[in-house]
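Here is the structure we will look at.
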Amino acid sequence: MTQATHAASIAKTTLLTAVAMLAFAANSILCRLALQNPTIDAASFGSVRLASGALALAIIVRVLGGDSRPARPDWWAAAMLFLYVACFSFAYLYLSAGTGALILFGAVQLTMFIVGLARGERFRALAWAGFAMALAGLAYLLAPGVTAPPPVGGALMAMAGVAWGVYSLRGRGVENPLRATAANFARAVPFALAVSAIFLNEFRISPAGVALAIASGAITSGVGYVVWYAALRGLTAMSAATVQLSVPVIASIGGALLLAEAITLRLAVASVATLGGIALVLVQKRVRRG
C-alpha cells in the first residue's frame, strides 16, 4: 500500500466514523425532539423506528447483494433489540438528549464489562478503578436532587443500555452483521406493534412525528449501522470502543443547540467521571493486549 493510498484509507475511515457517531447521537436528539412537543407517542415512535429501519436495511441488503443465505434466526437478539428501542423511546419522555445518551452509553459499557467478568475475564486494578469511577459518575447523575433526572426515565434508559449491551454481545462473531441486523429489526417489529396496541389509549401521531421516527429508523439507525460497519473495517476493536465515548458528548451539544437543553454542572461532572472511568477500562484492555 502506497503512502497516498494509506492516507486516503485513513481519511475514509475517519469520515465514516464521524458520520456514524453523529448518526448514533442523532437518535437521541430525534427521539427527544419528537416526544417533547409531542408530535407522536412513545410506543408509536418505537414501532415506526423499527419498521422503517427494517425496510431500509432490507433494501440496503438487497442492493449490496453478497451472501444470499438468510441469517440464522435469533429471537433472543430481536427481543433485546426491541427492549432497547422501547425503553429508549419511553425514557425520552423524561430525559434530555445528553443525559439519556450518557445513561445509555454507560449502561452498555458496564453491562459488557460485567459479562466479561462473568465469563472469566480478569482485570487489573486500573480497570477496577475505572469501573468504580464510571459507576460513581452514573450514581451521582441519578442521585436525588434538584437537577437529578426523573427516576423512571433513568431506570428505563438503564434498561435500554443493558438490552443493547446484551444485543451487542450476541452480535460478536456473526458472519454477516448487516444481514443479521436487518433480520433482527424485522423480527422486533411485531413486539413493538404489540406495545403500541397496549398503549393505544395514548396514541398520538402527526406527519412531523412520523417523519422524525422514520429518520431515526431508516437513516440514523439503518443507514447509520451500514456506515458504522464500513468504518469498522479500518478500526481496531479498541479504537471502535474508544471512539464511542464521543456519542454522549455530541448528543449533549446537539441537545443544547437544537433543543435548548441546559448542560448542567451535574451532567458535566457525571460525564467526565463516567466516560473517564470507561476510558480507563479500555486503556487497561489495551495494556493487556499490548
Side-chain angles (χ1 to χ4, degrees), residues 15-64 81-101 104-105 156-157 160 163-164 167 178 181-182 184-186 188-189 191-193 195-196 199 202-231 244 246-261:
L15 177 60
L16 290 171
T17 302
V19 171
M21 295 305 100
L22 287 171
F24 293 163
N27 273 324
S28 292
I29 297 170
L30 288 169
C31 187
R32 182 59 180 162
L33 183 61
L35 298 178
Q36 73 171 1
N37 291 326
T39 58
I40 190 172
D41 64 282
S44 295
F45 183 93
S47 293
V48 174
R49 180 185 177 188
L50 280 171
S52 59
L55 179 59
L57 286 166
I59 294 172
I60 292 170
V61 168
R62 184 67 177 269
V63 170
L64 293 180
L81 176 61
F82 152 73
L83 185 61
Y84 152 69
V85 171
C87 291
F88 179 95
S89 299
F90 280 94
Y92 270 124
L93 290 171
Y94 309 95
L95 304 175
S96 67
T99 298
L104 175 70
F105 180 84
L156 284 170
M157 192 59 83
W164 186 254
Y167 178 79
L178 177 57
T181 301
N184 289 330
F185 262 74
V189 171
F191 295 113
L193 293 176
V195 172
S196 291
F199 288 90
E202 297 183 13
F203 180 77
R204 180 187 297 107
I205 204 164
S206 70
V210 171
L212 290 169
I214 291 176
S216 178
I219 301 175
T220 57
S221 292
V223 176
Y225 294 155
V226 175
V227 173
W228 179 232
Y229 293 142
Q244 292 180 71
S246 65
V247 174
V249 177
I250 296 170
S252 295
I253 295 172
L257 294 177
L258 301 175
L259 304 172
E261 294 178 346

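Just so it is clear, the values below take in all heavy atoms, side chains as well, and ignore hydrogens, waters and symmetry mates.
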Side-chain contact, heavy-atom cut-off 4.5 Å: L178 with Y225? no

Rounded to the nearest 0.5 Å, the CG atom of L258 sits from the CD1 atom of I253 at a distance of 11.0 Å

Closest heavy-atom pair, A23 versus G224, reported as atoms and distance to 0.1 Å, is CB-CA, 4.1 Å

Side chains of F88 and V85: closer than 4.5 Å at any heavy-atom pair? no

Within the structure provided, determine whether T17 and W228 are in side-chain contact (heavy-atom separation under 4.5 Å). yes

Hey, does L57 have a side-chain heavy atom less than 4.5 Å from the side chain of V226? yes

Quick one: are F191 and L50 in side-chain contact, heavy atoms under 4.5 Å? no

Search all heavy atoms of G255 against all heavy atoms of A97 and return the closest pair with its distance. CA-CB, 4.3 Å

If you measure only the distance, is there a donor-acceptor pair under 3.5 Å linking the side chains of S221 and R49? yes

How many angstroms lie between atom OG of S216 and atom CD1 of I29, to the nearest 0.5 angstrom? 11.0 Å

Nearest 0.5 Å please: distance from the CG atom of L259 over to the CG atom of L33. 5.5 Å

When rounded to the nearest 0.5 Å, the distance separating CE of M157 from CZ of F90 is 12.5 Å

Give the minimum heavy-atom separation between L156 and A91, together with the two atoms involved. CB-CB, 3.8 Å

Does atom OH (Y229) have a neighbourhood of more than 12 heavy atoms from anything else shown, all under 6.0 Å? yes

Could you tell me which non-hydrogen atom of I250 sits nearest to which non-hydrogen atom of M21, and how far apart they are? CD1-CB, 4.1 Å

dist L212:CG -> I40:CD1 (nearest 0.5 Å) comes out at 8.5 Å

Output yes when a side-chain donor or acceptor of D41 lies under 3.5 Å from a complementary backbone atom of R204, and no otherwise. yes

Taking only residues two or more places apart in sequence or in another chain, which ones pass side chain to side chain donor-acceptor pair (under 3.5 Å) with S28? Y92

Gap between atom CZ of F45 and atom CG of L35 - 0.5 Å precision: 6.5 Å

Could you pull out the closest heavy-atom pair between T39 and G209, with the gap in Å? OG1-CA, 3.2 Å

Report yes if the distance between the aromatic ring centroids of W164 and Y167 is under 6.0 Å, otherwise no. yes

Taking every non-hydrogen atom, the tightest pair across A25 and A251: CB-N, 3.8 Å

Do you know which of V247, T220, L104 makes side chain to side chain contact (heavy atoms under 4.5 Å, CB included) with F24? V247

